Colleague: 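Could you have a look at this structure, given as structure tokens, before my questions?
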Amino acid sequence: MHTFTVDAPDVSRAWLEACTRLAGLPGNRAFHTVVRITDPLQEDPHLRAEFDRLRAARTKPLLYPVDTVVNTLFPVELAATCGTHQELTSRYRALYPRLCEVRRNARGTYFGRLVAYPGTHDKPEPVDQLARVIRRLDKLRSSAKWSAVYEAGTAHVTDDAPQEEEPVPTGVSTEAPIRAAALDTQTLDFPCLSHCSFQFDSATDTVHLAAYYRSHYMFARAYGNYLALGHLCAWVARHAQLTPGTLTVMAGCARLDCTKSELSALQHTLTTPLFGLGA
């Protein structure tokens, strides 16, 4: 099995390093990859401009702009006009039926799953998972003696009964599943993102985000997904009065879906060399 780990300071370098690693592997794919980004909102403007140009030049298949990919996971422009998380959730849920009329959103959007996760027969109301994450992280700021973990397939997000929790001295985690096992029976396409896991570091009042994708197409989706997850982490941190930290993205299978010439053009845009710190 071919695999790798990438550590980089920003989205552009992390993404390009991962693509470069994939280009050197048989079939341009790897399993159980890890990409860790120190500042997931920082980009190299030269690489981003060239990446946008290459994407726009694609005709078969057509690719959505990076900003469109971002907004599927986190609605950046809408969030910028909202003062509270409750306001963002209310406005997004009001728009959600219309968004789902668009063909590519027929099974929903990632952000929709985060703020309106499908309920159960007993509790049919959709669940705002991010609100729960924010509340718990806000509580943890004053006491790190809590642990809260939501695992897709082992606990449903509607299970919110109080329970005694194990003390943890320096960090805790809380998760937001994306995949709904009873609904998402297709083997391809949405949702490739399975869940998001938020970790609180009490030593620095920082919240880190780890996300797991069952598969990741690097040219079509990954760059926009990295940025979106960075915005998501920053939003949660802001409303929990914490500092956003590192983003770690794991992929069950990562695939390089661009040509050698496209990758070469991108490699020549960086103002500084790739770090090549992966293992």
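Treat the numbers as computed from the prediction; the structure is a model and nothing was measured.
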Colleague: Locate the shortest heavy-atom distance separating A237 from T243; write the atom from each residue and the value.
Modeller: CB-C, 3.8 Å
Colleague: Once side chain to side chain contact (heavy atoms under 4.5 Å, CB included) is applied, do any residues pair with T59, and if so which ones, sequence neighbours excluded?
Modeller: none
Colleague: Is R135 salt-bridged to D138, cutoff N-O under 4.0 Å?
Modeller: no
Colleague: List the steps, then state whether side chain to side chain contact (heavy atoms under 4.5 Å, CB included) holds for D10 with E43.
Modeller: CA-CA 6 Å; D10 58 54; E43 300 179 78; over 6 Å; no
Colleague: Can you confirm whether P40 sits close enough to L227 that some side-chain heavy atom of one is under 4.5 Å from a side-chain heavy atom of the other?
Modeller: no
Colleague: Do L41 and H231 have side chains that approach each other closer than 4.5 Å (heavy atoms only, starting at C-beta)?
Modeller: yes
Colleague: With no hydrogens and no angle check, is any side-chain donor or acceptor of W15 less than 3.5 Å from a backbone partner on M218?
Modeller: yes
Colleague: Between the side chain of T81 and the main-chain N/O of L78, is any donor-acceptor distance below 3.5 Å?
Modeller: yes
Colleague: Where do L247 and H208 land on the side chain to side chain contact (heavy atoms under 4.5 Å, CB included) test, with the steps shown first?
Modeller: CA-CA 6 Å; L247 168 66; H208 305 291; over 6 Å; no
Colleague: Is there a side-chain contact between L266 and F219, using heavy atoms and a 4.5 Å cut-off?
Modeller: yes
Colleague: Do V76 and L209 sit in one hydrophobic cluster, given that two such residues count as connected whenever their side-chain heavy atoms are within less than 4.5 Å of each other, even indirectly?
Modeller: yes
Colleague: Output all residues satisfying ring pair (Phe, Tyr, Trp, His ring centres under 6.0 Å) with H239, sequence neighbours left out; order by chain, then residue number.
Modeller: W235
Colleague: Tell me the closest heavy-atom pair linking C19 and L256, and the distance in Å.
Modeller: O-CD2, 3.6 Å
Colleague: Please step through side chain to side chain contact (heavy atoms under 4.5 Å, CB included) for the pair L114 and V133, ending with a clear verdict.
Modeller: CA-CA 10 Å; L114 289 170; V133 169; over 6 Å; no
Colleague: For L232 and C196, work out which heavy atoms get closest and say how close.
Modeller: CD2-SG, 4.2 Å
Colleague: Please examine the side chains of F111 and L73, heavy atoms only from C-beta on, and report whether any two atoms are closer than 4.5 Å.
Modeller: no
Colleague: How close do L229 and A211 get, counting heavy atoms only, and between which atoms?
Modeller: CD1-CB, 3.8 Å
Colleague: Kindly write out the residues that satisfy side chain to side chain donor-acceptor pair (under 3.5 Å) with Y92, not counting sequence neighbours, or none if the list is empty.
Modeller: T109
Colleague: What residues form a side chain to side chain contact (heavy atoms under 4.5 Å, CB included) with A49, not counting sequence neighbours?
Modeller: none
Colleague: Using the rule that two of Ile, Leu, Val, Met, Phe, Trp, Tyr join whenever any of their side-chain heavy atoms come within less than 4.5 Å, decide whether L63 and L54 are in one cluster.
Modeller: yes
Colleague: Quick one: are V35 and E17 in side-chain contact, heavy atoms under 4.5 Å?
Modeller: no
Colleague: Looking at residues at least two apart in the chain, or sitting in another chain, which of them share a side chain to side chain contact (heavy atoms under 4.5 Å, CB included) with T204?
Modeller: D201, T206
Colleague: Would you please name every residue forming a salt bridge (charged side-chain N to carboxylate O under 4.0 Å, His left out) with R36, sequence neighbours left out?
Modeller: D7
Colleague: Answer yes or no: is there a donor N or O on one side and an acceptor on the other, between the side chain of Y110 and the main chain of C192, under 3.5 Å?
Modeller: yes
Colleague: Rounded at 0.5 Å granularity, tell me how far OG1 in T89 sits from CD1 in I134.
Modeller: 7.5 Å
Colleague: Is there a side-chain contact between V11 and D39 in this structure, where contact means two heavy atoms from C-beta onward sitting under 4.5 Å apart?
Modeller: no
Colleague: Which salt bridge (charged side-chain N to carboxylate O under 4.0 Å, His left out) pairs, counting each pair once, include a residue from residues 78-96, with sequence neighbours left out?
Modeller: E87-R91
Colleague: Hey, mind stepping through N225 and F74 against side chain to side chain contact (heavy atoms under 4.5 Å, CB included) and telling me if it holds?
Modeller: CA-CA 9 Å; N225 289 338; F74 188 82; over 6 Å; no
Colleague: Salt bridge (charged side-chain N to carboxylate O under 4.0 Å, His left out) with D257: which residues, sequence neighbours excluded?
Modeller: none
Colleague: How close do L22 and R255 get, heavy atom to heavy atom, and via which atoms?
Modeller: CD1-C, 4.1 Å
Colleague: Not counting sequence neighbours, which residues clear side chain to side chain contact (heavy atoms under 4.5 Å, CB included) with A56? List them please.
Modeller: none
Colleague: Would you say T246 and I37 make side-chain contact, with heavy atoms under 4.5 Å?
Modeller: no
Colleague: For residues H85 and A131, report the shortest heavy-atom separation together with the two atoms involved.
Modeller: NE2-N, 3.5 Å
Colleague: Is it true that R48 and D52 have a side-chain N and a carboxylate O under 4.0 angstrom from each other?
Modeller: yes
Colleague: Do T33 and M250 come close enough that some side-chain heavy atom pair is under 4.5 Å?
Modeller: no
Colleague: How long is the straight-line distance from OG of S194 back to CZ of R113, given to the nearest 0.5 Å?
Modeller: 11.0 Å
Colleague: Please step through side-chain hydrogen bond (donor to acceptor under 3.5 Å, both in side chains) for the pair S12 and Y223, ending with a clear verdict.
Modeller: CA-CA 8 Å; S12 300; Y223 193 103; 2.8 Å; yes
Colleague: Report the distance from atom CG of L16 to atom CD of E50, rounding to the nearest 0.5 Å.
Modeller: 11.0 Å
Colleague: Please name all residues satisfying salt bridge (charged side-chain N to carboxylate O under 4.0 Å, His left out) with R58, sequence neighbours left out, ordered by chain then number.
Modeller: E262
Colleague: Any salt bridge linking R55 with D67? Criterion: basic side-chain nitrogen under 4.0 Å from a carboxylate oxygen.
Modeller: no
Colleague: Do Y64 and Y213 land in one hydrophobic cluster if side-chain heavy atoms of ILVMFWY residues count as linked below 4.5 Å?
Modeller: no
Colleague: Could you see if Y96 belongs to whatever hydrophobic cluster contains V115? Use Ile, Leu, Val, Met, Phe, Trp, Tyr and a side-chain cutoff under 4.5 Å.
Modeller: yes
Colleague: Does L99 share a hydrophobic cluster with V70, counting links as ILVMFWY side-chain heavy atoms below 4.5 Å and allowing steps through other members?
Modeller: yes
Colleague: Who passes salt bridge (charged side-chain N to carboxylate O under 4.0 Å, His left out) against D205, sequence neighbours left out?
Modeller: none
Colleague: Report the hydrophobic cluster partners of F31, with the cluster defined as I, L, V, M, F, W, Y residues connected by side-chain heavy atoms closer than 4.5 angstrom, directly or transitively.
Modeller: M1
Colleague: Would you find a donor on one side and an acceptor on the other, under 3.5 Å apart, between the side chain of S264 and the backbone of K260?
Modeller: no
Colleague: Using 30° and 60° as the class boundaries, would you call the ring planes of H195 and Y212 parallel, tilted or perpendicular?
Modeller: parallel
